[in-house]
Amino acid sequence: QVQLVDSGGGAVQPEGSLRLSCVASGASSEYAMGWFRQAPGKEREFVAAITWSGGLTYYADSVKGRFTISRGNATNTVYLQMNNLKPEDTAVYYCNSHPSVHRVKSGLGSWGQGTQVTVSS
């Protein structure tokens, strides 16, 4: 089973930026990867996903134009560049990974431990 370690969260002001990272170990060959988030009192929601090759990306409407998901030079690493952050982006962000990008989009893969993002003035 793949193990995921996500990091890069923190506290930032509105309109600021953060970059989250997720590193997979174990059986991670040809795994798609993605990000979910869970805000206080809300259900966990899909944010972004990327295929193993990095050729296809998917985004929630709420983050299109502001967030960018990408693969690192090593295919076991994925980043989420978050720009123009808003208070409503405040949540715990979780990495997810599965051989199928469609199952990643549905949150059916393995989970990272989560990293807190707080956007406030």
query: Which residue pairs pass the disulfide (SG to SG under 2.5 Å) test with at least one member in residues 34-121, sequence neighbours excluded?
result: Cys22-Cys95
- prompt: Got Pro87 and Ser120 here, is their nearest side-chain heavy-atom distance under 4.5 Å?
  reply: no
message: Applying side-chain contact (heavy atoms from CB on, under 4.5 Å) to Gln116 and Thr90, what does each step give before you reach the verdict?
response: CA-CA 8 Å; Gln116 176 71 52; Thr90 295; 4.1 Å; yes
field: Donor-acceptor contact present, side-chain Asp6 to main-chain Ser21, <3.5 Å
entry: no
message: For Trp35 and Phe46, I'd like to know if the aromatic rings sit close, meaning centre-to-centre distance below 6.0 Å.
response: no
message: Are the side chains of Ser17 and Gln81 in contact, using a 4.5 Å heavy-atom criterion?
response: yes
message: Are Ile69 and Phe36 connected into the same hydrophobic cluster when the rule is that any two of I, L, V, M, F, W, Y join if their side-chain heavy atoms are below 4.5 Å apart?
response: no
Other residues, nucleotides, ligands: >12 heavy atoms within 6.0 Å of Arg44 CZ: yes
query: Any donor-acceptor pair under 3.5 Å linking the side chain of Ser97 with the backbone of Ser110?
result: no
query: Leu80, Leu18: one ILVMFWY side-chain cluster at the under-4.5 Å cut-off?
result: yes
message: Less than 4.5 Å apart, side chain to side chain, heavy atoms only: is that true for Leu85 and Gln13?
response: no
query: Is there a path from Val47 to Val119 through hydrophobic residues (I, L, V, M, F, W, Y) whose side chains come within less than 4.5 Å of each other?
result: yes
- request: In plain terms, say whether Lys64 and Asp61 are close enough for a salt bridge, that is, a side-chain N and a carboxylate O under 4.0 Å apart.
  value: yes
message: Donor-acceptor pair, distance only, cut-off 3.5 Å: does the side chain of Thr115 make one with the backbone of Gly9?
response: yes
query: Is the backbone of Ser25 close enough, under 3.5 Å, to the side chain of Asn76 for a donor and an acceptor to pair up by distance?
result: no
- prompt: What distance separates Arg66 CZ from Glu15 CD, expressed to the nearest 0.5 Å?
  reply: 11.0 Å
field: Heavy-atom closest pair, residues His102 and Tyr58
entry: CE1-OH, 4.2 Å
- line: Smallest heavy-atom separation, Asp89 atom then Asn84 atom, equals OD2-O, 4.5 Å
message: Give me the atom names and distance for the closest heavy-atom approach of Met82 to Val117.
response: CE-CG2, 3.8 Å
message: Assigning hydrophobic clusters by single linkage (Ile, Leu, Val, Met, Phe, Trp, Tyr; side-chain heavy-atom cutoff under 4.5 Å), is Leu20 placed with Val92?
response: no
message: Please check this pair: side chain of Thr77 against backbone of Val23, looking for a donor-acceptor N/O pair closer than 3.5 Å.
response: no
message: For Ala32 versus Ser100, what's the shortest heavy-atom pair and its separation?
response: CB-C, 4.1 Å
query: Is a side-chain donor-acceptor pair under 3.5 Å present for Tyr93 with Arg37?
result: yes
- prompt: Out of curiosity, does Tyr94 fall in the hydrophobic cluster containing Val78 (side-chain heavy atoms, cut-off under 4.5 Å, transitive links)?
  reply: no
field: Over-ring placement of Arg19 relative to Tyr79, 6.0 Å and 45° cut-offs
entry: yes
task: Please indicate whether Glu43 has more than 12 foreign heavy atoms, meaning atoms of other residues, nucleotides or ligands, lying under 6.0 Å from its CD.
output: no
message: Please check: side-chain N/O of Tyr31 versus main-chain N/O of Val2, any donor-acceptor pairing under 3.5 Å?
response: no
- prompt: Is the backbone of Leu108 close enough, under 3.5 Å, to the side chain of Ser106 for a donor and an acceptor to pair up by distance?
  reply: no
